[in-house]
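All remarks here apply to the structure that follows.
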Protein chains: 2
Amino acid sequence: MNVTIKDVAKATGVSPSTVSRVIADNPRISIETKKRVRKAMKSLGYHPNVNARNLVGKSTKTIGVIMPSSADKALQNPFFPEILRGISSYIHDMQYSLFLSTGETEDEIFEEAQRMVYGSYVDGVILLYSRANDRLMHFLRDQEFPFVIVGKPYEYMNEITYVDNDNVAAGKEITEHLIQLGHEKIAYIGGSKELFVTSDRESGYESAMLAADLDAPANYRFHAEFLKSGGREAVEHLFSLDTPPTGLVISDDLISFGVLSMLEEFGFSVPDDVSLVSFNNVYLSEIIRPALTTVDVKIHTLGVQSAKALIEKTINKAEPAKRIMIPHTIVFRDSASERN
Amino acid sequence: MNVTIKDVAKATGVSPSTVSRVIADNPRISIETKKRVRKAMKSLGYHPNVNARNLVGKSTKTIGVIMPSSADKALQNPFFPEILRGISSYIHDMQYSLFLSTGETEDEIFEEAQRMVYGSYVDGVILLYSRANDRLMHFLRDQEFPFVIVGKPYEYMNEITYVDNDNVAAGKEITEHLIQLGHEKIAYIGGSKELFVTSDRESGYESAMLAADLDAPANYRFHAEFLKSGGREAVEHLFSLDTPPTGLVISDDLISFGVLSMLEEFGFSVPDDVSLVSFNNVYLSEIIRPALTTVDVKIHTLGVQSAKALIEKTINKAEPAKRIMIPHTIVFRDSASERN
DNA sequence: CTGTTAGCGCGTTCAA
DNA sequence: TTGAACGCGCTAACAG
């Protein structure tokens with residue numbers, strides 16, 4: 001019922017293999033026949049069957065994207081749609097396709113990834129997270145299956161290709177900004193401690209504080225597990241301290257939204273009473289009031305580069321592991337100002 | 001290099017076809033051999049090859065999801081990640097996989113969808129948009145390829161399965177809420193006029209106004225093409241009118257964010273000076289201040305149901321076209337209050 | 001430059 | 001209850 005190379009062959013009076021060669025644009029086929037075959041393909045409405053092609057070939061020309069296990073929570077962070085966009089755009093340019101994980105629990109995702117690998121669904125995989133001691137990562141590594149991590153791997157840093165920002169530097173710079181603005185009491189609010197981003201950014205904060213001879217005590221560090229409630233808890237904790245902070249370094253714009261809203265509820269005004277800076281430069285961070293001063297980690301670029309690195313790797317298995325650092329910038333808006 | 005049924009067959013001393021039958025759990029295979037085969041599969045680490053399977057069988061057990069053409073813009077709306085989540089969750093339960101469109105322009109997407117269909121990448125397709133006179137929709141229909149639309153189709157309503165809310169009713173109810181609060185000057189801000197959602201919700205607004213004997217003049221209707229700038233323009237327009245509105249019905253939470261931020265810039269306080277209600281109940285709408293009074297369209301359910309309807313259709317091509325309406329609710333928060 | 005043959009891994013007859 | 005043989009649509013030798 002579907003048009004196959006055989007049909008095209010018959011219609012053109014050539015053999016199927018010739019048609020196949022035309023598809024591959026094999027230089028050893030005369031321009032003449034190429035034209036004829038192509039015409040027939042068009043008029044018959046021929047389209048290659050991927051499954052047949054994948055079966056014989058070694059490439060599926062599709063890559064799998066694995067979302068973090070708490071997909072429900074994660075997808076709510078504009079970071080993911082945005083990085084997906086970046087991946088998509090590169091992948092599309094390269095004529096590749098995109099296979100998305102659908103599982104929610106770690107187990108589900110692991111099984112899915114296994115299928116992707118063993119079932120030859122995809123040529124390679126992008127991990128949109130980096131967890132300590134990740135089963136999936138080990139599996140991929142054991143199988144020597146091409147993969148790329150967005151973020152910093154916990155192990156085997158030298159043999160895994162990953163795409164990341166210099167989060168320590170970024171954390172330092174953004175904290176320094178607050179310091180330059182005259183703030184001395186600066187607290188850090190991070191997401192899950194399990195994540196490298198969180199701790200890297202915190203390290204940056206720490207070293208900036210240290211360098212400026214400022215205190216960064218333990219009760220000035222708060223880790224919010226959940227974006228929404230995290231904002232409330234952080235504010236409750238920090239602003240019931242004897243000396244509450246006047247500046248806040250927050251590891252994720254989304255958490256900032258929560259904090260902002262709590263701050264307002266508590267009657268604090270941003271940036272007049274407290275200044276706030278964060279990370280990611282998500283779409284909404286310029287819409288919200290006050291617009292966020294935040295480090296732009298170039299999410300889209302992160303996506304493009306991870307896709308690029310992965311595809312290179314699937315094409316050339318010998319491609320060495322690389323660490324790809326995406327330079328960040330700071331975008332100054334209205335959430336941070338001179339200390340009063 | 002990969003374990004195939006042949007290997008399993010050899011290891012068990014049966015024929016490949018027997019192994020195949022075991023995989024399909026064919027009842028005509030003795031429990032004995034089933035056990036043996038399964039054991040061998042496990043110990044050898046057998047995993048079926050999808051491509052081979054798809055090639056022979058008629059089902060790929062994967063469904064394609066087509067994002068709107070302005071994917072860049074669209075993905076920014078939390079609506080999409082959220083509906084993807086819904087689709088994923090159902091699809092995963094059914095052991096299906098998810099193929100995502102990567103194109104950005106209409107042409108790119110059309111070609112991609114064509115490949116999906118002709119190349120037998122997927123069993124069916126979910127369209128995450130509904131545009132008038134959509135080429136892709138016509139194509140799918142001509143090919144009699146299973147597809148489902150999220151939203152209301154412009155044509156062939158009776159032969160296309162779609163999943164939607166009763167947006168007219170929702171628009172009416174939410175407008176009535178504002179009216180009950182004492183508002184009489186109520187404006188409508190919608191997204192692209194091309195979209196049915198926009199006009200349906202506007203119709204609802206209109207009929208509520210009419211029923212209450214209130215005016216809904218043309219200059220009280222504003223259509224914002226782009227989420228961000230749209231907010232600014234809408235506010236500029238509406239609040240430079242001789243009699244500016246005190247109530248706003250906005251067709252999308254994301255637009256509301258923009259409007260909110262402009263309103264603040266203009267010195268209007270919400271809900272004291274102007275009340276605002278909108279649609280979707282996106283994650284952030286309860287985080288932002290003021291928290292939005294908005295109609296919850298059950299995005300996740302929209303996703304689940306569209307996946308469900310599609311899979312049913314791919315399994316049974318004779319499945320009749322259905323219109324699946326997802327009931328909405330209104331969640332009352334802080335963006336609307338009694339008129340002062 | 002092109003045709004023939006074989007085989008990718010699997011499901012499905014048809015026999016036994 | 002099981003095996004043998006065929007074919008899905010395509011690519012990749014090997015001939016010529």
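Numbers restart at 1 for each chain; the letters A, B, ... are given by sequence-line order, proteins then strands.
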Please list, for nucleotides 12-16 of chain D, all pairs of protein and nucleotide N/O atoms separated by less than 3.5 Å.
{"residue": "D:dA13", "atom": "N6", "partner": "A:R21", "partner atom": "NH2", "Å": "2.7"}

inquiry  = Does anything in residues 7-14 of chain A come within less than 4.0 Å of DNA chain C? Heavy atoms only, and list the residues if so.
reply    = A:G13, A:V14
task = Go through residues 36-51 of chain A and report each residue with a non-hydrogen atom lying under 4.0 Å from DNA chain C, sorted by number.
result = none
inquiry  = Would A:R141 and A:E159 count as a salt bridge (charged side-chain N to carboxylate O under 4.0 Å, His left out) here? Give the steps.
reply    = CA-CA 9 Å; A:R141 183 170 168 276; A:E159 29 176 314; 3.1 Å; yes
task = Rounding to 10 degrees, work out the angle separating the end axes of the helix from C:dC1-D:dG16 to C:dA16-D:dT1 (five pairs an end).
result = 40°
query = From the list C:dC10, C:dT4, D:dA4, which nucleotide is the closest neighbour of the side chain of B:T4?
reply = C:dC10
Please list, chain by chain and in numerical order, all residues satisfying ring-ring contact (aromatic ring centres under 6.0 Å, His included) with [X], sequence neighbours excluded.
{"X": "B:Y121", "value": "B:F99"}
{"X": "B:Y129", "value": "none"}
{"X": "A:F145", "value": "none"}

ask   = Parallel under 30°, tilted from 30 to 60°, perpendicular over 60°: which one fits the rings of B:F196 and B:Y154?
value = parallel
Show me the pairs that pass salt bridge (Lys or Arg N to Asp or Glu O under 4.0 Å) and involve [range], at least two apart or across chains.
{"range": "residues 112-134 of chain B", "answer": "B:R131-B:D134"}
{"range": "residues 39-57 of chain A", "answer": "none"}
{"range": "residues 11-27 of chain B", "answer": "B:D25-B:K34, B:D25-B:R38"}

query = So, are B:E32 and B:R36 salt-bridged, with charged N and O less than 4.0 Å apart?
reply = no
key: C:dT2 phosphate, OP1 or OP2, under 4.0 Å from A:S30 side-chain N/O   = yes
ask   = Think A:K6 has a side-chain N or O under 4.0 angstrom from the OP1 or OP2 of D:dC8?
value = yes
ask   = Does anything in residues 25-67 of chain A pair up under ring pair (Phe, Tyr, Trp, His ring centres under 6.0 Å), and if so which pairs, sequence neighbours excluded?
value = A:H47-B:Y118
Nearest whole angstrom, please: distance from the [atom2] of [N] to the [atom1] of [X].
{"X": "A:E32", "N": "C:dC1", "atom1": "CD", "atom2": "P", "answer": "12 Å"}
{"X": "B:K35", "N": "D:dT1", "atom1": "NZ", "atom2": "C1'", "answer": "17 Å"}
{"X": "B:R53", "N": "C:dT12", "atom1": "CZ", "atom2": "C1'", "answer": "14 Å"}

ask   = So, A:T60 side chain and A:N54 main chain: donor-acceptor pair closer than 3.5 Å or not?
value = no
note = For A:D107, the salt bridge (Lys or Arg N to Asp or Glu O under 4.0 Å) test, sequence neighbours excluded, returns A:R135
note = DNA chain C nearest-nucleotide lookup for B:T18 and B:L55: closer to the 5′ end is B:L55
